[in-house]
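Since the structure comes first, as structure tokens, the remarks are kept for the end.
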Amino acid sequence: MAKQKMTAAEAIAAYLVRKGVDQLYGVPGAAILPLYDAIREKTNIKSYVVRHEQTAAFMADGYSRATGKVGVCAATSGPGGTNFLTGLYGAWMDSIPMIAFTGQQKSTLIGTMQFQEAPICEMAKPVCKAVYQLTDGKDAAKMIHEAWTTATTGRKGPVLIDLPINTQKVELEVDWDEFVDEPEVLPSASKEELYEVLNLLKDAKKPVLISGGGVNLANATEELKELAETLQIPVVTTGMGMDTFPNDHPLFAGRMGTMLDTPYGNMTILNSDLIINLGGRFADRSTGAVDIFKRDAKIIHINLDPKELGKTVQTELGIVSDVKSFMAGLTEVYKSLDVGIAAAVEPGIKKLDLTEERKKYARKQDYDTLPIRPERALKELREFLDRDAFASHDCGISQIWSCQLFETYVPRSYLLTGGAGTMGWGLGAAMAAKLAFPERQSVNILGDGSLGMSLQDLATAAKHDIPVIVFVMNNSLLGLIRQQQNWFYDERDISTDLIYKNELCDNDERGIDFVKTAAGMGVRGELVTHYDDIKPALQRAVDSGKPYLIEVVVDPTAVCGFSNNGSLTGFEYSNK
């Protein structure tokens, strides 16, 4: 291909098009205008303006989680860039590939404390896989290619690219044939390691597969299903692996953790004698006190990142491998050797089916008391939604209830801010998922505390006509923190009560009137105070084809059933 003349900003825009980017989320400002102008003039990329830069980062993050592709966001210099930091941090914690562009002061003025100058590269470096600053505009094509490769290969992660306004305008010549993607060669388990795994399986009486977030990142959910079905081994998911295995599959045992768990999921882990962790990290929300793993059970840990092996839990066997190729290889070797494993059910006689045990220990949801119990609200929501509906979450007690009760069936449909635990995250993720898959339902499940941190971007949904459903369970509290104050601080609550008398809305019980606030931004909504009214409200939301807020008043005294002693052993159940 002949060399083409263009500006640095145009080269970056052209590269994004070549990579299939069709959406950009952000807020333009003076220092990033050359890039925005290039997007407008030289591409068909759709630009979505948001009301707060952090929402743009949340949308790029959520788009990546929902699609497996790279989300892209942009903001101006100074506060525009610093408002990205929370979003970058969330993506970094969960190994999510995304590209964030920030404008910057002229390169000649950097370091002189000019207007809206911030050392964004230094600030973002600890929470990004890599950061770049375009000091020479002629390097624009090379830089964006390197940044993209960094974000999308190995252990994926967010990358920040800082663009001084003067370097964006520099002209250069680009030959795109020079920027060819080299096939990625990921580490894979050796045959000897696969045989060693099979030898451990042969002796195990109660093996279990843990499915972590890496299974989604590797697009390996089909390999997981085939492995589990071939070996007839139960599957337990972590917080980041919630949607990696169908929750109504006969081999699904449940979820593990100190909070984001199901009782039978924890029981399966605690009763196992061989644990195979596939793409998980043994993070603290999954394990709690790691002493629980210092027992007779042997642990096999497979992770792409060697730093994760043995970091938290001592393993019998640690294997550095792409989890997709590992599972495919193990299944193939097992079939070729025709070996037997000592699982709970004899192979060839009866297939393992955990459905009844899972139901036996399930937490109670069919409450018929008022105010509405959050568990009942989630029951009504899950029964209404399609199997492939997106459910995004903020952090807080609403997230915990959902993780304990809300079943998932389709990969990349349960959008969760895992490591960072960010309030205000879910609305951006829900909007991005809906934009990526307009034919699928997309709902943001959150509490009133979290909605207060994303409320302004209801206007984004209205402006761009994004028909997401905001399902806010309003207990007028920072519920999770109030629960911890009650448990651990002798009920000495402080600054967790969000209720106040709202005279302008004739509201003595809730403080913010979210329905009226949403209407002021152009978003339809309604208040629900009885569980029988939840499904009709959801139907009206779907029928409207518009963004819609459903404010569900829930019982402020409801308590989440989870461990309060920091280990897996504190599970509770209600239907035994």
Going by heavy atoms in the side chains, are [X] and [Y] under 4.5 Å from each other?
X	Y	value
T167	T135	no
R255	M242	yes
D162	Y132	no
M143	L163	yes
L134	I161	no
V472	L549	yes
I120	L85	yes
W401	F406	no

Hey, is [X] close enough to [Y] for a salt bridge, meaning N to O under 4.0 Å?
X	Y	value
D388	R440	yes
D22	K46	no
E171	K138	no
E308	K311	yes

Polar side chain donor-acceptor pair, N83 to Q54, under 3.5 angstrom
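The answer is no; no qualifying pair exists.
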
T496 and Q485: side chain donor to acceptor below 3.5 Å
yes

Got a second to check how far [X]'s [atom1] is from [Y]'s [atom2], nearest 0.5 Å?
X	Y	atom1	atom2	result
D513	L527	CG	CG	7.5 Å
Q23	C73	CD	SG	12.5 Å
D322	L186	CG	CG	5.0 Å
L504	K516	CG	NZ	9.0 Å
Q456	R51	CD	CZ	9.5 Å
L455	D448	CG	CG	11.0 Å

Audit row: R482, D493, salt bridge (Lys or Arg N to Asp or Glu O under 4.0 Å) steps and yes/no:
CA-CA 6 Å; R482 171 61 68 86; D493 60 88; 3.5 Å; yes

Please output the side-chain donor-acceptor pairs of residues 89-98 that fall under 3.5 Å, not counting sequence neighbours, one pair per line with the distance.
residue: D94; atom: OD1; partner: G419; partner atom: N; Å: 2.9
residue: D94; atom: OD2; partner: R65; partner atom: NH1; Å: 3.1
residue: D94; atom: OD2; partner: R65; partner atom: NH2; Å: 2.9
residue: D94; atom: OD2; partner: G418; partner atom: N; Å: 2.9
residue: S95; atom: OG; partner: R155; partner atom: NE; Å: 3.0

Evaluate whether atom NZ of K69 has more than 12 neighbouring non-hydrogen atoms of other residues, nucleotides or ligands under 6.0 angstrom away.
no

Tell me whether the count of non-hydrogen atoms from other residues, nucleotides or ligands lying under 6.0 Å of CG in N44 goes above 12.
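No.
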
Could you pull out all donor-acceptor pairs under 3.5 Å where a side-chain atom in residues 32-43 meets a protein atom, sequence neighbours excluded?
residue: Y36; atom: OH; partner: V27; partner atom: N; Å: 3.4
residue: T43; atom: OG1; partner: I39; partner atom: O; Å: 2.6
residue: T43; atom: OG1; partner: I45; partner atom: N; Å: 3.1

Evaluate side chain to side chain contact (heavy atoms under 4.5 Å, CB included) for C128 paired with V159, printing each intermediate quantity in order.
CA-CA 6 Å; C128 287; V159 170; 6.0 Å; no

If I compare all heavy atoms of [X] with all of [Y], which pair ends up nearest, and what's the gap?
X	Y	value
I397	C560	CG1-SG, 3.8 Å
A60	V72	CB-N, 3.7 Å
A140	A11	CB-CB, 4.5 Å
C395	S450	O-OG, 3.2 Å
L172	A141	CD1-N, 4.3 Å
G426	S392	O-OG, 2.7 Å

Take the angle between the ring planes of H393 and Y414 and call it parallel below 30°, perpendicular above 60°, tilted in between.
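H393 and Y414: tilted rings.
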
How are the rings of Y15 and H145 set to each other: parallel, tilted or perpendicular (split at 30° and 60°)?
perpendicular

Using only atom types and a distance under 3.5 Å, with no angle test, would you say the side chain of [X] pairs donor to acceptor with the backbone of [Y]?
X	Y	answer
S211	G241	no
H464	V49	yes
S188	F326	no
N507	G511	yes
Q104	A118	yes
Q399	L416	no
S402	S398	no
N444	A430	no
E10	M6	no
D243	R412	yes

Show your reasoning for whether side chain to side chain contact (heavy atoms under 4.5 Å, CB included) applies to L480 and I400.
CA-CA 9 Å; L480 178 59; I400 295 171; 3.6 Å; yes

Using the side-chain hydrogen bond (donor to acceptor under 3.5 Å, both in side chains) definition, which of the options T417, T86, D61 pairs with W425?
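Between W425 and the candidates, side-chain hydrogen bond (donor to acceptor under 3.5 Å, both in side chains) is satisfied uniquely by D61.
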
Does the pair Y48 and T460 meet the rule for a side chain to side chain contact (heavy atoms under 4.5 Å, CB included), with working shown?
CA-CA 8 Å; Y48 293 91; T460 299; 5.7 Å; no

Using the side chain to side chain contact (heavy atoms under 4.5 Å, CB included) rule, take F179 and R18 through it: C-alpha gap first, then chi angles, then the decisive distance, then the call.
CA-CA 11 Å; F179 302 99; R18 293 174 67 85; over 6 Å; no

